[in-house]
Q: 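Once you've had a glance at the structure underneath, I'll fire off some questions.
Numbers restart at 1 for each chain; the letters A, B, ... are given by sequence-line order, proteins then strands. These numbers were taken from a predicted model, which means no experiment stands behind them.
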2 protein chains.
Amino acid sequence: MSLPRDLFLGFVKLHILYHAGCEPVYGLWLIDELARHGYELSAGTLYPMLHSLEEGGLLVSEKRVVAGKMRKYYRLTDAGADALEQGRERATELLNEISEPAPTG
Amino acid sequence: MSLPRDLFLGFVKLHILYHAGCEPVYGLWLIDELARHGYELSAGTLYPMLHSLEEGGLLVSEKRVVAGKMRKYYRLTDAGADALEQGRERATELLNEISEPAPTG
DNA sequence: CGCTATCCTATCGTCTGGCGATATCGTCAA
DNA sequence: TTGACGATATCGCCAGACGATAGGATAGCG
């Protein structure tokens with residue numbers, strides 16, 4: 001059985017921030033990359049997500065024409081790097097906690 | 001600067017599942033416990049969350065009267081344990097990935 | 001006994017956001 | 001010009017996050 005999606009969306013965003021920190025990324029590439037990690041999102045989910053991340057100051061975009069196609073490349077901002085770092089810490093803390101054996105019952 | 005909340009809500013739910021797997025938990029205790037981990041959520045956020053988790057079959061509840069007060073205790077179901085396990089894996093994978101040093105720029 | 005404080009859960013109204021489906025835009029090929 | 005293709009943008013609906021507030025049960029006080 002699959003998990004409710006809302007459990008994962010934060011993870012997805014963190015992934016996006018990370019990739020945008022490695023190199024400029026664009027929509028369809030992200031959809032593909034995330035699918036490789038098991039997160040299947042449609043364009044109707046990803047693009048608004050990107051927009052809100054940009055609006056929130058975590059990403060900045062820049063239009064480029066590649067092979068005749070317009071692409072919007074997103075890069076991580078300082079605030080985005082900060083958010084990613086906080087996400088890292090939170091995720092570490094979460095894993096530390098939930099990885100302790102839970103008594104069944 | 002604080003992160004957008006939606007980055008964290010999945011983490012919060014995983015925390016809840018974990019705690020519910022350790023021992024039966026109830027609303028206000030969770031609010032307190034989560035606050036200790038830096039997640040401040042109000043009752044209006046937590047209770048509907050609990051309800052939807054139960055509706056989704058990840059938790060089951062049981063009413064108990066403690067010190068004269070009615071409390072609804074939530075425990076993890078098998079499906080919930082499964083979800084938690086998947087969350088663990090995802091979180092591990094996420095951390096593995098985003099912990100690699102990202103080339104600046 | 002009634003009053004009030006306390007503890008805990010439930011819900012209302014609003015606004016945000018996830019989603020599939022669809023529209024749109026720019027370029028290349030013929 | 002038309003069509004195909006790579007990509008982004010948006011519409012419309014429904015779920016859900018949120019603060020605020022209500023509800024309900026009991027204990028303690030007088």
Q: Specify the separation, in whole Å, of atom CD of A:Glu55 and atom C1' of C:dG17.
A: 12 Å
Q: Applying side chain to side chain contact (heavy atoms under 4.5 Å, CB included), name anything that partners A:Ala81, two or more places apart in sequence or on another chain.
A: A:Leu76
Q: According to ring pair (Phe, Tyr, Trp, His ring centres under 6.0 Å), who are the partners of A:Tyr47, at least two apart in sequence or on a separate chain?
A: none
Q: With a strict under 4.0 Å distance from non-hydrogen atoms of chain A, what nucleotide opens and what nucleotide closes the contacted stretch of DNA chain D, reading 5' to 3'?
A: D:dG6 to D:dT10
Q: Counting only side-chain N and O atoms of A:Ser42, is one of them less than 4.0 Å from OP1 or OP2 of C:dC19?
A: no
Q: So, using side chain to side chain donor-acceptor pair (under 3.5 Å) as the criterion, who are the partners of A:Ser61 when residues are at least two apart?
A: A:Glu54
Q: Residues two or more places apart in sequence or in another chain: which of them pass salt bridge (charged side-chain N to carboxylate O under 4.0 Å, His left out) with B:Glu85?
A: B:Arg88
Q: Can you tell me which residue pairs pass the salt bridge (charged side-chain N to carboxylate O under 4.0 Å, His left out) test with a partner in residues 24-41 of chain B, sequence neighbours excluded?
A: B:Asp32-B:Arg36, B:Glu33-B:Arg36
Q: Could you work out, with side chain to side chain contact (heavy atoms under 4.5 Å, CB included) as the rule, every residue matching A:Ser42, not counting sequence neighbours?
A: A:Thr45
Q: Could you state the CG-C1' distance from B:Leu9 to C:dG18, rounded to the nearest angstrom?
A: 13 Å
Q: Answer whether the closest heavy-atom distance between the side chains of B:Tyr74 and B:Val60 falls below 4.5 Å.
A: no
Q: Which residues pass the side chain to side chain donor-acceptor pair (under 3.5 Å) test with A:Tyr73, not counting sequence neighbours?
A: A:Arg71
Q: Going by heavy atoms closer than 4.0 Å, what residues in residues 30-39 of chain B are next to DNA chain C?
A: none
Q: For a quick check, with a 4.0 angstrom heavy-atom cut-off, what is the B/S/- contact string for nucleotides 5-12 of chain C, read 5' to 3'?
A: -BBBBBB-
Q: Suppose we screen for side chain to side chain contact (heavy atoms under 4.5 Å, CB included). Which residues come up paired with B:Ile31, at least two apart in sequence or across chains?
A: B:Leu28, B:Ala43, B:Leu46
Q: Side chain to side chain donor-acceptor pair (under 3.5 Å) with A:Glu97: which residues, sequence neighbours excluded?
A: B:His19, B:His37
Q: Given that A:Leu41 and A:Val65 both sit by DNA chain C, which one's nearest nucleotide is further toward the 5' end?
A: A:Leu41
